[in-house]
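For reference, the structure discussed in these notes is given below.
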Amino acid sequence: MISPDIASAVDHLKRGFTVVFPTETVYGLGADAMNPKGVERVFALKGRPRDRPLIVHIEGLSRLEEWAEEIPEGARRLAERFWPGPLTLVLSCRREIPRLVTGGRDTVAVRVPDHPVATALLRAFGGGLAAPSANRFGRLSPTASWHVREFFGDEAGPILEGGPCSTGVESTIVGFSGDRPTLLRPGTVSARMIEEFLGLRILRAGAEEEGAPLPGSGESHYAPCTPLELLPAEALRSRLLSLTSRGDRVGVLALSEWGDLCGQREVTLLPMSRKAPEYARELYAALHALDRGGLGRILVEAPPDGEAWGAVNDRLKRASHHPGGR
Ligand code: TXA
Ligand code: MG
C-alpha cells in the first residue's frame, strides 16, 4: 500500500516538480534525476551554482548499474557494506544521465539512503532522485522538517515528515579513480572504517582536487547567519567575557562544564554530547536553534581532534569560515 503522501509526492516528481524527503543524514530537496526541468528547479530553489553536482538517491545497490558506467571492485564492496547508509560513491557516469545533474562532469554521485520514508518514496517512484540538502546554498543543512519550512515555506513542494535525522551530518563522499578511493567529504562513515574494511589506504582529497571545487569548499558553507567562532575552552572563556562585557548576546555550544556561565543573562548555553555520533546528530539542530535567537555571535567549544570527530570538525570549520567578515 502506498500512502497518500507518498503517492502525491510521486505525482509531483513525475510532473517535473520537487519534493522534500527525510534521509538519515539531512532532509533532501529531490527531483527526478532524469528530468532536466525538475533538476533545474532544484538549482533555482537552492540558489546553487550549476557547477555543483547533485547526489542521485536510489532504492538499492541493484539499481546502481542504471547510473554508473563502471563499478570498481572496491566501490561495489563499500556499497555492499555501507548501503543503505550515509556513504556516497562518485563513479563514472552513464551517457544518458543529464549532465545538469553531474555539473557537466563524466562522474555521478550515488547513494542509497537509510530512512523508511526515503525508501518508500524511491520504491514508489521507481527512478533516481537528484537531491541536495534542502537548504539555501551555503546555509545550515536541515535535520528536521521545520528547518526546511523556515527556508522554503511551501515553495519546495510537499515536505514528507520523517522526524529528526538520526545521523545529522551529510554523507561521506568517496570518489574512485580506477580502484583507488579518495575521500571527498568526511562523514560518519570515517576514512579509517573504509580503510579497515578495504584493507588499503584511502587518499584524502587536497584543495586542488581534480576538476571541480570540493564538496562544500571554497566559501562559507553549512553556516548559520549569526557569525560563528570555533575556539578551545580557555580562549572561548576570555572571548565570551569580552563579548558579554560590551553587552553582546552570545550562544555557546559547550562541551566542558560551564556552570558559572549558565546564569548570565547574555549567554545562551547549549551543552553538547561528548560522544561524536550524538554530537553530530545534534549539531545542526543546535545551530538552527541558536541562529533564530537574535544573538550577536555563536561561540563553539572546539571538539577533540581525531578520526571519530572528523565530520563534526569539518562542518564546524566550514561554518566558522566567513570570507570578508560578517
Ligand atoms: O547526506 C547527504 O549526502 C545529503 C542527503 C540529502 O543525501 N545530500 C547532500 O547533498 O549533502 P549536497 O548537494 O548538499 O552535497 C553533495 C555534494 C556536493 O558538494 C557536490 O560537490 C558533491 O556532493 N558531488 C556530487 N557529485 C559529484 C561528483 N560527480 N564529483 C565530485 N563531487 C560531487
Ligand atoms: Mg548541502
Side-chain angles (χ1 to χ4, degrees), residues 18-31 33 39 42-43 45-58 67-69 82-94 97-115 117-119 121-122 128-143 147-148 151 156 160 162 165-177 181-189 205 209-223 280-281 284 311 314-315 318-319:
T18 58
V19 304
V20 175
F21 64 98
T23 81
E24 78 281 31
T25 59
V26 302
Y27 277 70
L29 172 63
V39 178
V42 170
F43 281 103
L45 274 165
K46 274 192 69 103
R48 176 172 172 124
R50 301 295 188 276
D51 65 352
R52 295 293 178 127
L54 307 179
I55 296 174
V56 177
H57 297 68
I58 59 173
W67 304 91
E69 184 65 41
F82 293 105
W83 284 358
L87 175 71
T88 295
L89 297 172
V90 175
L91 303 169
S92 61
C93 177
R94 286 183 72 114
I97 315 298
R99 287 308 188 259
L100 188 58
V101 173
T102 70
R105 253 154 284 201
D106 292 330
T107 52
V108 62
V110 186
R111 88 176 187 98
V112 177
D114 185 13
H115 191 293
V117 176
T119 307
L121 178 66
L122 287 164
L129 292 181
S133 48
N135 53 338
R136 304 266 184 211
F137 182 66
R139 299 259 70 94
L140 287 175
S141 289
T143 53
H147 301 154
V148 182
F151 284 121
L160 295 173
C165 301
S166 59
T167 299
V169 292
E170 301 81 354
S171 60
T172 306
I173 303 182
V174 175
F176 276 84
S177 170
T182 302
L183 182 71
L184 297 173
R185 178 173 72 185
T188 56
V189 174
E209 182 57 16
E210 54 201 53
L214 279 175
S217 70
E219 72 289 297
S220 162
H221 215 79
Y222 311 108
R281 183 182 308 146
Y284 287 132
D314 172 75
R315 301 312 186 274
R318 295 184 197 284

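All heavy atoms count here, side chains included; hydrogens, waters and symmetry mates do not. All ligand and atom numbering here is 1-based and tracks the order in the structure.
Using a non-hydrogen distance threshold of 4.0 Å, V26 registers as a contact of ligand 1.
The shortest non-hydrogen separation linking P84 to P113 is CB-O, 3.5 Å. Contact record, A33 with V101: O-CG2, 3.3 Å, taken as the closest heavy-atom pair. Considering all non-hydrogen atoms of both residues, Y222 and S141 come closest at CD2-OG, 3.9 Å.
Proximity of R52 to ligand 1, defined as any heavy-atom pair under 4.0 Å, is not found for any part of the residue. For R48, every heavy-atom contact with ligand 1 shorter than 4.0 Å involves the side chain, none the backbone. At a heavy-atom cutoff of 4.0 Å, ligand 1 is contacted by the side chain of I173 but not by its backbone. Contacts between T25 and ligand 1, counted as non-hydrogen atom pairs separated by less than 4.0 Å, involve the side chain only.
To the nearest 0.5 Å, atom CG of residue L45 and atom CZ of residue F151 are 13.0 Å apart. Here the CZ atom belonging to R315 is positioned 5.5 Å from the CZ atom belonging to R185, to the nearest 0.5 angstrom. Here the CG-OG1 distance, from L184 to T107, works out to 9.0 Å after rounding to the nearest 0.5 Å. To the nearest 0.5 Å, atoms CD1 (I173) and OG1 (T182) are separated by 12.5 Å. Expressed to the nearest 0.5 Å, how far OG1 of T188 lies from CD of E170 amounts to 10.5 Å. Summarising the geometry, atom OG1 belonging to T172 is positioned 10.0 Å from atom CG belonging to D314; distances are rounded to the nearest 0.5 Å.
When each atom of ligand 1 is checked for a heavy atom of S171 under 4.0 Å away, the hits are 1 (O), 2 (C), 3 (O). Atoms of ligand 1 lying under 4.0 Å from at least one heavy atom of R185, given by number and element, are 2 (C), 3 (O), 9 (C), 11 (O), 15 (O), 16 (C), 17 (C). The ligand atoms of ligand 1 that sit less than 4.0 angstrom from a heavy atom of I55 are 3 (O), 8 (N), 9 (C), 10 (O), 16 (C), 23 (O). Every atom of ligand 1 with a heavy atom of G28 under 4.0 Å away is listed here by number and element: 6 (C).
At a 3.5 angstrom cut-off on N or O pairs, E170 does not count as close to ligand 1. The N/O atoms of H57, backbone and side chain alike, include one that comes under 3.5 Å of an N/O atom in ligand 1. Looking at T107 next to ligand 1, an N or O pair under 3.5 Å apart turns up.
Partners of V42 by side-chain contact (heavy atoms from CB on, under 4.5 Å), not counting sequence neighbours, listed by chain and number: T18, L29, A31, L54, P132. With sequence neighbours left out, the salt bridge (Lys or Arg N to Asp or Glu O under 4.0 Å) criterion links D114 to no other residue. Residues that satisfy the side-chain contact (heavy atoms from CB on, under 4.5 Å) test with S166, not counting sequence neighbours, are E24.
Between atom 14 (O) of ligand 1 and the options S133, A109, P86, the minimum heavy-atom separation is to S133. The residue among V42, V90, L89 with a heavy atom at the shortest distance from atom 28 (C) of ligand 1 is V90. When the heavy-atom distances from atom 24 (N) of ligand 1 to G104, P53, P22 are ranked, the shortest goes to P53.
Listed by chain and number, S133 OG are the protein N/O/S atoms closer than 2.8 Å to the Mg ion (ligand 2), with waters left out.
The pair R105-D51 does not meet the salt-bridge criterion, since no charged nitrogen lies less than 4.0 angstrom from a carboxylate oxygen.
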